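Heads up: the structure comes next, in structure tokens.
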Amino acid sequence: MSSELFEALDLLEKDKGISKEYMLERVEAALISAYKREAGGLANARVEIDRDKQTIRMFEQKNVVDTVEDPTTEISLDDALKVNRKYALGSVCEIELKPKNFRRLSAQTAKQVIIQGIREAERSNMIKEYEQKKEEIITAVVDKVDPENEDVLVDTGTSKVYLKKAEQIPGEHFNVGDHIKVFVTEVMKETQRGPLVTLSRTAPGLVKRLFELEIPEIQDGTVVIMSIAREAGSRTKMAVMSRDEAVDPIGACIGNKGMRISSIVNELRGEKIDIIKYSEDTAEYVAAALSPANVREVVLDSEKSCRVVVDSDQLSLAIGKEGQNARLAARLTGCKIDIKTREALEEEETAKRAFIDAAEEQEKLENV
């Protein structure tokens with residue numbers, strides 16, 4: 001039995017990466033737990049595991065006393081000497097439990113402790129595996145699609161995890177067997193239901209990692225992604241800069257005839273991607289972020305607030321459908337953006353001047 005157990009633990013270590021030493025500790029705990037259950041919880045026992053000989057022995061422990069008051073935990077000196085002549089009053093007598101005695105042990109308790117040990121080890125291994133993959137892209141295979149809430153169970157190779165509907169790109173559909181790329185956003189170590197891994201296809205980090213995988217200039221550090229703003233399934237704006245004046249960061253990301261960016265767009269189910277050149281000059285950066293609109297002027301009100309002036313025929317482009325272009329530009333740059341046409345700005349200035357003039361005139365009348 002012992003040799004078979006050691007062989008099983010060897011296989012467990014090889015197939016699931018669960019340490020044999022860890023499992024032997026669980027086996028020891030399981031045997032003691034089962035023994036205590038049989039003995040009413042008061043008895044003491046010791047397990048002796050010999051890794052070299054592949055043997056497991058168990059000893060019942062009792063205190064040697066003159067008068068036995070509790071036979072569960074005590075043994076008389078006369079009986080202890082029958083076990084071994086070395087025992088004396090006050091010592092602990094160990095009586096080996098032979099295999100036939102183990103039939104009385106609670107096998108179910110031992111089994112539960114061992115199974116729990118395997119689960120804990122698997123959970124610990126899974127946490128370590130996912131922590132290494134946090135904020136990285138992994139390829140997963142669709143295992144099941146929930147027809148009610150449309151959550152997708154995917155096999156990541158480490159475990160099976162749900163890709164929630166809220167983390168899927170709007171409008172995309174999956175079939176069992178599909179290979180998809182997912183982004184690991186969060187790994188929670190302790191939850192009531194075990195480790196919680198959050199996968200996403202809507203996170204801006206997914207776009208960032210896709211470009212890092214696809215564009216050699218980003219991989220070698222020549223081109224740097226400075227910021228990303230994304231509304232998954234619709235549009236992404238990404239600001240890039242080059243550490244080499246000879247390398248065009250936008251061209252490097254798009255590629256010849258759009259070959260580089262096209263594969264990323266396909267992975268994102270046709271999501272539009274605006275590549276913008278990053279600038280330390282806030283006004284210049286904001287103007288670029290509002291692409292495809294042509295900006296006439298950017299007036300900085302503060303470090304994080306500005307007014308943008310555009311021609312009337314560029315206003316709808318600058319704002320975008322339902323305000324999306326302006327919203328993404330603001331998130332990309334971290335700047336509050338107020339967009340106005342030249343005519344609207346002139347009218348505001350005229351109204352402001354008229355108000356000031358009226359106030360000054362009123363003040364003169366009051367001082368007369």
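Values in this document were obtained by computation on a predicted structure and should not be read as measured data.
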Applying salt bridge (Lys or Arg N to Asp or Glu O under 4.0 Å), run through Glu297 and Arg342 and close with a yes or a no.
CA-CA 9 Å; Glu297 184 183 8; Arg342 170 65 67 183; 3.3 Å; yes
Margin query: Working note: Ile127 + Val197, criterion side-chain contact (heavy atoms from CB on, under 4.5 Å); need CA distance, chi angles, decisive distance, verdict.
Written below: CA-CA 8 Å; Ile127 289 172; Val197 178; over 6 Å; no
Before you tell me yes or no, could you show the steps for Asp143 and Lys160 under salt bridge (Lys or Arg N to Asp or Glu O under 4.0 Å), namely the whole-Å CA-CA distance, both residues' side-chain angles and the distance that decides it to 0.1 Å?
CA-CA 8 Å; Asp143 187 73; Lys160 292 182 180 179; 3.4 Å; yes
Where do Ile137 and Leu206 land on the side-chain contact (heavy atoms from CB on, under 4.5 Å) test, with the steps shown first?
CA-CA 7 Å; Ile137 286 176; Leu206 176 68; 3.7 Å; yes
Before giving the answer on side-chain hydrogen bond (donor to acceptor under 3.5 Å, both in side chains), spell out for Gln324 and Ser234 the whole-Å C-alpha distance, their side-chain angles and the decisive distance to 0.1 Å. CA-CA 9 Å; Gln324 185 187 67; Ser234 180; 2.7 Å; yes
Run the numbers on Glu231 and Arg327 for salt bridge (Lys or Arg N to Asp or Glu O under 4.0 Å), then give the verdict. CA-CA 10 Å; Glu231 293 188 359; Arg327 187 166 58 248; 2.6 Å; yes
Quiz item: Can you list the steps and then say if Thr282 with Thr333 is a side-chain contact (heavy atoms from CB on, under 4.5 Å)?
Solution: CA-CA 8 Å; Thr282 302; Thr333 61; over 6 Å; no
Going through the checks in order, is the salt bridge (Lys or Arg N to Asp or Glu O under 4.0 Å) test met by Glu28 and Arg26? CA-CA 5 Å; Glu28 180 179 347; Arg26 300 303 300 184; over 6 Å; no
>> side-chain contact (heavy atoms from CB on, under 4.5 Å), that's the test. Do Ile273 and Phe211 meet it? Break it down for me.
In response: CA-CA 11 Å; Ile273 302 176; Phe211 272 94; 4.1 Å; yes
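For Arg85, the CZ atom sits in a loose shell: 12 or fewer heavy atoms of surrounding residues, nucleotides or ligands are nearer than 6.0 Å. Around NZ of Lys133, the count of heavy atoms belonging to other residues, nucleotides or ligands within 6.0 Å exceeds 12. Heavy-atom contacts from other residues, nucleotides or ligands closer than 6.0 Å to CZ of Arg46 number more than 12. Within a 6.0 Å radius of NZ in Lys20, other residues, nucleotides and ligands contribute more than 12 heavy atoms.
Put simply, Ile180 and Leu199 are part of the same group of oily side chains (I, L, V, M, F, W, Y) that touch within less than 4.5 Å, one to the next. Neither Ile228 nor Met241 shares a network with the other; the hydrophobic side chains, linked directly or stepwise wherever heavy atoms of I, L, V, M, F, W or Y lie under 4.5 Å apart, form separate groups for each. Note on Leu213: it clusters hydrophobically with Met238, by side-chain heavy-atom contacts below 4.5 Å among ILVMFWY residues. Hydrophobic cluster membership differs between Tyr285 and Ile225, with clusters built from Ile, Leu, Val, Met, Phe, Trp and Tyr side chains linked at under 4.5 angstrom. Transitive grouping of hydrophobic side chains (ILVMFWY, heavy atoms separated by less than 4.5 Å) brings Val207 and Ile261 into a common cluster.
Put simply, the side chain of Val224 reaches to within 4.5 Å of the side chain of Arg243, judged on heavy atoms. Side-chain contact between Asn175 and Val145 is absent, with no heavy-atom pair separated by less than 4.5 Å. Using a 4.5 Å cut-off on side-chain heavy atoms (C-beta onward), Glu13 and Tyr22 make no contact. Contact of the Val64 side chain with the Val92 side chain is not registered, since no non-hydrogen atoms from C-beta on lie closer than 4.5 Å. Under the 4.5 Å side-chain criterion, counting only non-hydrogen atoms from C-beta, Val152 is not in contact with Lys144. Ser200 is not listed as a side-chain neighbour of Val182, based on a closest heavy-atom distance of 4.5 Å or more. Looking at Phe183 and Glu136, their side chains never come closer than 4.5 Å, going by heavy atoms from C-beta outward. Side-chain atoms of Glu25 and Ser19, non-hydrogen and from C-beta on, never get closer than 4.5 Å to each other.
Under 4.0 Å is where a charged nitrogen must lie from a carboxylate oxygen, and between Glu186 and Lys134 no such pair does. A salt bridge does not link Glu167 with Arg201: none of the charged nitrogens is closer than 4.0 Å to a carboxylate oxygen. Asp338 and Lys340 are joined by a salt bridge, as a carboxylate oxygen and a charged side-chain nitrogen come within less than 4.0 angstrom of each other.
Here the CD atom belonging to Glu69 is positioned 12.0 Å from the CG atom belonging to Asn63, to the nearest 0.5 angstrom. For the atom pair Glu60 CD and Thr72 OG1, the distance stands at 8.5 Å (nearest 0.5 Å). Distance check: Ile49 CD1 to Thr55 OG1 gives 9.0 Å after rounding to the nearest 0.5 Å. The CD1 atom of Ile264 lies 13.0 Å from the CZ atom of Arg209; values are rounded to the nearest 0.5 Å. Note: Cys306 SG to Asp301 CG = 7.5 Å, rounded to the nearest 0.5 Å. If you take CG on Leu153 and CG on Asp146, they are separated by 9.5 Å, rounding to the nearest 0.5 Å.
Under the 3.5 Å distance criterion, with hydrogens and angles disregarded, a donor-acceptor pair is assigned to the side chains of Lys237 and Asn325. Side chains of Ser76 and Asp79: a donor-acceptor N/O pair is present below 3.5 angstrom, by distance only. Between Thr236 and Glu271, the side chains place a donor N or O and an acceptor N or O closer than 3.5 Å (distance only, hydrogens not considered).
When all heavy atoms are compared, the tightest approach of Pro249 to Val240 is CB-CG2, 3.6 Å. Taking every heavy atom of both residues into account, Val286 and Ile337 meet most closely at CG1-CD1, 3.8 Å. Shown here for Val154 and Ala140, the closest heavy-atom pair between the two residues is CB-CB, 3.7 Å. The two residues Met58 and Val47 come nearest to each other via the heavy atoms CG-CG2, 4.1 Å. Between Cys253 and Val223 the shortest heavy-atom distance is SG-CG1, 4.4 Å. The heavy-atom pair separating Arg51 from Phe6 by the smallest distance is CA-CE2, 4.2 Å.
A donor-acceptor pair under 3.5 Å is formed between the side chain of Arg230 and the backbone N or O of Ala203. Judged by distance alone, the side chain of Ser262 and the main-chain N or O of Gly258 form a donor-acceptor pair under 3.5 Å. Formation of a donor-acceptor pair under 3.5 Å by the Thr156 side chain with backbone atoms of Ser159 is found in this model. Glu214 places no side-chain N or O within donor-acceptor distance of the main-chain N or O of Leu210, the cut-off being under 3.5 Å. Although no hydrogens or angles enter the test, the distance criterion places a donor-acceptor pair under 3.5 Å between the side chain of Asp151 and the main chain of Lys165. In this structure a side-chain-to-backbone donor-acceptor pair under 3.5 Å is missing from Glu131 to Val187. Remark: the backbone N or O of Ile169 is paired with a side-chain donor or acceptor of Glu172 at under 3.5 angstrom. Between the Gln61 side chain and the Glu94 main chain, no donor and acceptor come within less than 3.5 Å of each other. Remark: the backbone N or O of Asn294 is paired with a side-chain donor or acceptor of Gln314 at under 3.5 angstrom. Under the 3.5 Å distance criterion, the side-chain polar atoms of Ser291 are left unmatched by any main-chain donor or acceptor of Ala293.
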